[in-house]
Amino acid sequence: MPTPSLTRQEAADRTERVHPHRCEVDLDLTGAPDAARRTFPVEVAWTFSFDRADGPDETFLDFTGEVLELEINGRSLSAEEIAAAFAEDRLRLEGLQPQNRVRVRGEALYSRSGEGMHRYTDPQDGEVYLYTQYEPADAHRVMPCFDQPDLRAEWVFRLTAPQQWAARSNGTPISTPAQDGSAATRHEFSPTLPIPAYLTSVLAGPYVSAESSWESSAPQRPQHLPLHLWCRASMAEHLDAEEIFTITRQGLDFFTDLFDMAYPFDTYEQAFVPEYNLGAMENPGLVTFTEDYLFPDGASRQQLAGRANTILHEMAHMWFGDLVAIHWWEDLWLKESFAEFMGAHASVSATQFTEAWAGFAVGRKAWAYRQDALSTTHPIVADVPDVAAAKQNFDGITYAKGAAALKQLVAFVGLEDFTRACRVYFRRHAFGSARLEDFLAVLQESSERDTASWARDWLATTGATVLRLQTHRDPDGALVSASLTPEGTVHDPASERDHQLAVSVWGAAQQPQRTVELTLSGRTAHELPHLAGADGVLVVNDRDLDFAEIVVDQPTREDQLARLSSIPDPMARAVVWSALWTDVRQARLDPEDFVAAVIEHLFVESDEAVFTTVLGQAEEALESYLPARRRPQIRGRLMERVIGQLQAAEPGSDRQRSLASSLARLSHRDGAAHGLTQDLLSGEVVIPGLHLGPALRWSLLTGLVATNHAVDSSILRESERDASRISQIGRARTNAARPTARAKDLAWAEILGHELTNDLLSATIEGFQLGSPDLLAPYRTRYFEVIEPEWSQRSIGMATRLVRGLFPAAADLSPRADPEQDPILRRSGQWLDEHAQADPALRRIVIECRDELARRLRAQAAARP
């Protein structure tokens with residue numbers, strides 16, 4: 001059941017009066033291998049100061065579980081008193097003194113949703129693994145605590161676990177008793193430095209490890225850190241430890257030098273865990289990552305670059321987010337945008353993955369532009385009245401748009417001044433909490449720029465500014481004149497921001513023919529006289545410094561579509577691809593033209609991140625934005641090109657891997673290539689160098705099953721090949737993809753049955769959504785009947801997966817039909833009208849799904865007949 005949401009005001013009131021010192025946590029995990037045990041014992045001992053000067057002598061601890069004992073300053077409460085004090089996941093503490101010691105003993109629940117203490121049973125060997133995940137506020141699912149970001153404490157963890165298990169926490173191990181024949185072992189860890197509850201972490205299970213170390217290369221900052229990696233035993237062969245250790249050392253060298261500050265904590269351990277809800281989490285001393293960053297199918301350069309970026313993102317948090325925390329979740333963007341920016345910056349500056357910013361331009365920013373176009377968009381500095389709102393703001397605005405804004409800020413103040421400000425900020429607020437105005441203050445001190453005005457224009461507004469390019473060309477196509485005009489944002493045509501950007505003209509040379517760097521302000525046209533006479537491809541926002549929606553005139557767009565692959569610079573190509581994709585979504589470019597450009601230009605792209613991302617966008621363009629009657633022909637053209645390139649690709653190359661994955665995805669809705677996919681799975685056709693790992697095999701089989709070219713026995717045979725987590729997920733998706741009414745009924749019942757883990761819930765929903773409109777039609781009405789009850793009975797994370805995943809999002813507009821009359825669009829609006837008092841987080845998801853459906857329908861209506 002969802003827990004009451006802590007409000008910003010409640011958190012602020014508690015901060016005024018409570019000053020935590022230390023929390024000792026004892027967890028007994030010995031019962032975890034028993035699947036029948038739903039709970040585990042927990043005991044905490046809190047010491048904290050309390051301000052009694054104003055207000056009642058009470059506060060509360062957050063806790064989801066059962067309270068068995070409560071002792072306040074030496075007085076044990078009776079069962080009746082505990083029952084009166086504990087309600088709605090809050091344990092009221094009364095009669096507090098200036099100095100307090102509170103002891104609580106209770107039982108907490110194991111989780112299957114990735115929230116709190118997640119328990120996972122390995123399908124390959126039956127072993128049980130535990131880990132915790134708390135952001136933004138799920139620490140109270142494991143232990144009674146003050147679960148808010150600005151209340152820091154020193155933490156001491158003691159874990160009792162089965163004897164053969166490894167155990168880890170944020171501190172370093174200081175006591176692991178020798179094996180004495182007991183069935184359990186007690187692990188104790190050193191006290192942490194002061195950190196909030198949500199940054200604490202526990203790992204326990206038969207994990208295997210790899211060990212190394214890092215030595216600071218700076219004589220003025222001598223530091224030695226042990227490095228550990230952890231993963232499940234059945235994944236150990238896929239833990240490429242040296243690659244991960246290399247990135248880790250490069251990151252520690254880079255950040256300690258950039259910030260001129262030693263790594264703030266005592267150890268650096270990284271764990272790769274199953275069924276993780278996030279990409280990673282910055283728990284100091286014990287960073288946790290999704291196991292999807294280990295690659296049983298083999299790793300492409302893009303996958304390695306993505307993992308490196310995430311490792312560096314989490315490492316940047318050690319300073320920005322951990323050393324200096326946020327006060328409340330409206331500043332979530334500040335730590336996440338900073339880490340997002342630094343992940344790419346460090347990748348380019350310190351690792352082999354120097355193409356990181358091109359991948360950001362075409363991928364992460366597409367997420368930001370999509371989110372910012374929704375009616376539910378919010379300023380980068382959002383209004384977050386409670387924790388439930390915070391959970392919905394882990395989105396493209398907080399991460400990608402925020403990072404893009406920071407990139408614009410760095411262009412505004414300069415990298416040197418930005419770095420100097422970071423150094424001051426960390427020293428000034430170390431082991432405390434800070435707000436946006438604190439960061440802006442040091443920026444202004446460092447740069448002497450008006451950062452408050454910049455923040456007002458960029459952080460307190462919504463939408464991407466529309467920048468419109470107009471050109472005049474001679475009969476040969478050479479530029480005679482060009483101008484660029486800001487037109488406000490898509491949400492506020494009257495808004496104004498200053499923009500730092502570059503406009504270039506690219507020919508065949510490695511450097512642009514012409515470049516103009518400019519600051520745009522106001523609403524008037526800015527002439528670009530330096531570009532006159534150039535005859536290359538014009539790129540607005542070259543180097544991707546700006547966050548803006550680029551709208552070019554028809555001659556420029558036609559030139560880009562014709563000559564895109566002739567641009568020699570991958571970043572410039574990424575910027576053009578990004579603008580083309582935005583044009584598709586804004587119904588300015590026919591989706592077929594985008595797919596045609598992909599067929600013409602993308603297959604000679606040298607940057608794998610750009611290639612893979614744009615190829616995925618082409619698939620979305622034809623499946624979502626192209627009218628249904630035109631999809632088979634265009635899908636066939638793209639599939640033919642993908643197959644041809646796959647067969648010609650260098651054996652074992654990243655390109656070969658990406659093309660095989662694209663073929664599998666295209667086959668989920670089109671059985672035209674079923675013969676090839678059947679032969680690949682059976683081994684009758686072998687493409688030299690192509691590794692058919694479990695993820696690829698199951699994706700290919702999903703397509704065969706969904707298009708009625710494979711039967712249930714094929715699913716059983718594939719399951720017998722491999723019992724891994726990937727196989728579990730693939731089987732769940734493929735079973736739900738079977739194109740029969742009975743299979744869809746079974747999948748629907750499983751989805752609503754509350755027995756699936758987070759991964760299997762998402763996989764089952766994904767497979768369920770693969771089906772003809774007629775097959776899925778009965779569930780479209782049922783969706784609107786079940787979402788509010790399901791929301792009220794599940795955690796917010798699991799409910800979000802269900803509500804967003806099951807939305808009837810297929811857009812199939814009939815010729816000449818009015819998009820606004822689409823039955824699902826109208827039913828969504830009706831549900832929102834009838835549920836005006838529904839949980840705001842639930843309403844936000846439905847609104848966003850409706851907005852995306854409306855966008856697809858408008859694009860189909862605007863497309864050629």
Side-chain angles (χ1 to χ4, degrees), residues 358 361-362 466-487 499-520 524-546 548-584 586-607 610-611 614 617-618 621 637 641 862-864:
V362 78
V466 175
L467 301 182
R468 188 173 298 275
L469 178 77
Q470 292 291 334
T471 64
H472 177 61
R473 299 167 184 265
D474 67 21
D476 295 325
L479 281 172
V480 175
S481 63
S483 65
L484 195 60
T485 306
E487 296 186 348
H499 295 263
Q500 320 292 318
L501 74 158
V503 182
S504 300
V505 178
W506 284 88
Q510 293 301 310
Q511 297 297 324
Q513 293 177 357
R514 310 279 175 84
T515 295
V516 177
E517 297 189 7
L518 67 157
T519 299
L520 288 182
T524 59
H526 292 248
E527 299 297 326
L528 307 173
H530 298 294
L531 302 182
D535 60 358
V537 182
L538 200 156
V539 178
V540 180
N541 195 25
D542 199 13
R543 304 201 306 277
D544 196 40
L545 299 176
D546 200 7
E549 185 173 314
I550 308 301
V551 181
V552 302
D553 58 5
Q554 190 63 24
T556 301
R557 177 62 76 234
E558 290 176 356
D559 191 43
Q560 290 175 337
L561 289 169
R563 297 198 286 169
L564 203 163
S565 57
S566 70
I567 301 172
D569 180 62
M571 174 63 88
R573 294 194 300 271
V575 168
V576 175
W577 280 120
S578 176
L580 290 172
W581 177 235
T582 299
D583 279 351
V584 171
Q586 297 288 52
R588 290 190 293 260
L589 179 66
D590 192 288
E592 181 179 345
D593 293 339
F594 184 83
V595 176
V598 166
I599 292 171
E600 175 69 22
H601 299 290
L602 187 65
F603 293 93
V604 295
E605 175 59 56
S606 61
D607 187 292
V610 174
F611 175 81
V614 175
Q617 290 168 348
R637 287 172 53 195
R641 185 77 157 120
R864 292 188 294 271

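Quick note: numbers below take in every heavy atom, side chains included, and nothing from hydrogens, waters or symmetry partners. All residue numbers in this chain count up from 1 along the given sequence.
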(message) Walk me through whether Arg588 and Thr582 qualify under side chain to side chain donor-acceptor pair (under 3.5 Å).
(response) CA-CA 8 Å; Arg588 290 190 293 260; Thr582 299; 6.0 Å; no
(request) For residues Leu518 and Leu528, determine if any side-chain heavy atom of one lies less than 4.5 Å from a side-chain heavy atom of the other. (result) yes
(request) Would you give the length of the straight line joining atom CG of Asn541 to atom OG of Ser578, rounded to the nearest 0.5 angstrom? (result) 8.5 Å
(message) Looking at His526, I'd like to know if its NE2 atom is crowded, meaning that more than 12 non-hydrogen atoms belonging to other residues, nucleotides or ligands lie closer than 6.0 Å.
(response) yes
(message) Closer than 3.5 angstrom, by distance alone: can the side chain of Asp476 be matched with the main-chain N or O of Ala478 as a donor-acceptor pair?
(response) no
(request) Search all heavy atoms of Leu561 against all heavy atoms of Ala597 and return the closest pair with its distance. (result) CD2-CB, 3.8 Å
(request) Look up atom CD in Glu600 and atom CZ in Arg641, then write down how far apart they are to the nearest 0.5 Å. (result) 7.5 Å
(request) Just grab all the ring pair (Phe, Tyr, Trp, His ring centres under 6.0 Å) pairs involving residues 554-578, residues at least two apart or on different chains. (result) Trp577-Phe594
(message) Test your reading of the model: is there a side-chain donor-acceptor pair from Arg543 to the backbone of Met571, 3.5 Å cut-off?
(response) no
(message) Looking at every non-hydrogen atom in both residues, tell me the closest pair between Gly536 and Gln513 and how far apart they are.
(response) N-OE1, 3.4 Å
(message) What's the separation between atom CG in Leu602 and atom CG in Asp607, rounded to the nearest 0.5 Å?
(response) 10.5 Å
(request) Would you check if Leu520 and Asp546 make a side-chain contact, meaning some heavy-atom pair closer than 4.5 Å? (result) no
(request) For side-chain contact (heavy atoms from CB on, under 4.5 Å), just list the numbers for Val503 and Leu538, CA-CA rounded to whole Å, side-chain angles, deciding distance to a tenth of an Å, and then say yes or no. (result) CA-CA 7 Å; Val503 182; Leu538 200 156; 3.7 Å; yes
(message) For the backbone of Leu589 and the side chain of Asp583, can you confirm whether one donor and one acceptor N or O come within less than 3.5 Å of each other?
(response) no
(request) Please name the pair of heavy atoms, one in Val598 and one in Ala618, separated by the smallest distance, quoted to 0.1 Å. (result) CG2-CB, 3.8 Å
(request) Specify the closest pair of heavy atoms between Gln510 and Pro568, including all atoms of both residues, with the distance to one decimal. (result) NE2-CB, 3.7 Å
(message) So, using side chain to side chain contact (heavy atoms under 4.5 Å, CB included) as the criterion, who are the partners of Ser481 when residues are at least two apart?
(response) His472
(request) Might you work through the side-chain contact (heavy atoms from CB on, under 4.5 Å) test for Arg637 and Val595, ending with a clear yes or no? (result) CA-CA 9 Å; Arg637 287 172 53 195; Val595 176; over 6 Å; no
(request) Determine the minimum heavy-atom distance between Val539 and Trp506, stating which atoms define it. (result) CG2-CD1, 3.8 Å
(request) Report yes or no: does Asp553 contribute a side-chain atom to a donor-acceptor pair with the main-chain N or O of Thr471 at less than 3.5 Å? (result) yes
(message) Give me each pair satisfying salt bridge (charged side-chain N to carboxylate O under 4.0 Å, His left out) with a member in residues 563-574, each pair once, sequence neighbours excluded.
(response) Asp559-Arg563, Arg573-Glu605
(request) Measure from the side-chain N and O atoms of Asp590 to the backbone N and O of Arg864, and report whether any donor-acceptor pair falls under 3.5 Å. (result) yes
(message) Applying side-chain contact (heavy atoms from CB on, under 4.5 Å) to Leu501 and Leu467, what does each step give before you reach the verdict?
(response) CA-CA 11 Å; Leu501 74 158; Leu467 301 182; 4.0 Å; yes
(request) Considering non-hydrogen atoms only, spot the tightest contact between Glu527 and Ala482 and give its length. (result) OE1-O, 3.4 Å
(request) Find the distance between CD (Gln470) and CG (Leu484) and round it off to the nearest 0.5 Å. (result) 10.0 Å
